[in-house]
Amino acid sequence: MDILRGDRLGKPAAEVSDYTTSIAADVNIVKPVIEINKAHIVMLAEQRIITDSDGALLLNALNKLDPNMKLDPSLEDVHMNIEAEITKMVGENIGGKLHTAKSRNDQVATAIRITLRQYLLEITKNLIALRRALLKRCAEHLNTIMPGYTHLQHAQPVTLAHHLLAYYDAIERDTKRLMNSYQCVNLCPMGAAALATTGYNINRIRVAKLLGFDGILENSIDAVSSRDFAVEAIAAMALSMTDFSRIAEELILWSSVEFATAEIPDEYASASSIMPQKKNPVVPELIRAKTTHVYGDLIAAFTILKALPLSYNLDLQELTPHLWNTCQITLNSTRMLTGLIQKTEFNAPRWLELVSKDFSTATELADILVRKFNIPFRMAHRVIGVLVQRLSSEGKTLRDTTPKLLAETFLRATGKRLAVKPSDIAEALDPIRSVKSKTVQGCPSPSEVARMAKERRKQIIADEVWLRKKTHSLKKAELKLCEAVEGLSKHALQKP
Ligand code: ARG
């Protein structure tokens, strides 16, 4: 007999049960659902709601379940599959007690949180690895001068280390957002039952502790109907993917023959079926494209929630696959990007060549006029603008500026005379000197970038400590649950 529909509803048409089942996504929560059942049974026995002996029989059966068990879609979901399996193993007299004082509604919300927190820890670990890779490459390129861009036009010289550290900082904030979302995820809905708790004298705190949660979701209606924790996590991952996609875009651009400033590793590229010369940057292209799936997941999750009346509605079942999709894409993309960052070859001479043939130190030159000759910045900006216009129309670069040319331009633009020495302007014409002369906090000079990188190493260590603490506390709870399960089994054997 169908233990859910019983005599109340007949057997559903196959196409209806195919339409309503959540089995495809439930493969992500089989193990958590087994663990939740164990914690719940331990609590029911401790509270004398079921006998130790019934508890022991149920726990022994739960212990025998394989987390990779085959799930039958005609039973709707993993929750009913597990109950049906246990009932098959121990009979209805015992198996029929498994679902005392709980509902699929609190159970599914709890299971999703358990799987999600594992994903969050795993992704955090991988984000830390990515940050380590970025800091390593940063240390190698403290003196690699490159043009910094605004509007994708050469703006001012920076270093590749400075640019990579900008990536790092974005990823560090992404890690923080995931870590913050963990706090909201790691709360336990169990005991809310369908929506209104239960008349049995259950102990919600005990179940939460056995499952490694930091606390309970107190209001039972909120506990079964809220999925903001999932949206928050998806949003945090959507921001990570946005940062990955921007980095991927630059790696693609830099791999072009026009830039020729980076070469991605062969194993992250693909060939053309017709053009023998091609090396296509397919991994960064797919990071860029997969980001859009995550945005889709985010908007789908928001949209499912926005007009949903309290408390549980089956609409919530449709949100969960979006969560797993985002988690898996983000995890895989983090790993791909780490490999790319570790193994991409950056072409320092090419960067220098690009920055040496441009006007990217023009701001420096204007600033020197301000500092040395005490003229307003706006006037200096105008003079150098005229100079750039003249040089570029003659096919020259800023490097071709001479004191004579500058004085002439100054006279033409302002009607005033200026006595410039070569040493006055040398620093402003050399991109390397220009970068090294900067001293402001956060600037591209090698010493400042090295200082920033050193600070960030400390943050990595702090985040690793957080990760270890969370992992350890989940392991501890797992052991406690095992002990409680074993204790009850033994106890019951003595007093059958
Ligand atoms: N399969 C459901 C889900 O994933 C579990 C809860 C179903 N609850 C219900 N009352 N039909 O959300």
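Start at 1 and go down the list; that is how both ligands and their atoms are numbered. Computed over heavy atoms, backbone and side chain alike; hydrogens, waters and symmetry mates excluded. The chain is numbered in sequence order, starting from 1.
Between R131 and D463 a salt bridge is recorded (basic side-chain N to carboxylate O distance below 4.0 Å). The residues K480 and E483 are annotated as not salt-bridged, no charged nitrogen and carboxylate oxygen being separated by less than 4.0 angstrom. For R335 and E122, the salt-bridge test passes: some basic side-chain N is under 4.0 Å from an acidic carboxylate O.
The aromatic rings of F346 and H141 sit perpendicular to each other, their planes meeting at more than 60°, with 30° as the lower class boundary.
Residue-ligand proximity: L316 is placed with every non-hydrogen atom at 4.0 Å or more from ligand 1.
What sits closest to atom 10 (N) of ligand 1 on the protein, heavy atoms only, is N105 OD1, 3.2 Å. Here the heavy atom of the protein found nearest to atom 1 (N) of ligand 1 is Q317 OE1, 2.8 Å. Regarding atom 11 (N) of ligand 1, its nearest protein heavy-atom neighbour is R104 NH2, 3.4 Å. At the shortest separation from atom 6 (C) of ligand 1 among protein heavy atoms lies Y312 OH, 3.3 Å.
Within a 6.0 Å sphere centred on CG of N93, other residues, nucleotides and ligands contribute 12 heavy atoms or fewer.
Counting atoms of ligand 1 from 1 in the listed order, those under 4.0 Å from a heavy atom of D77 are 1 (N), 2 (C), 5 (C).
Close N/O approach between H79 and ligand 1 is not found [any backbone or side-chain N/O within under 3.5 Å].
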Checklist entry - Do N28 and T115 pass the side-chain hydrogen bond (donor to acceptor under 3.5 Å, both in side chains) test, and can you show the C-alpha distance, the side-chain angles, and the key distance before you say yes or no? => result CA-CA 7 Å; N28 292 289; T115 297; over 6 Å; no
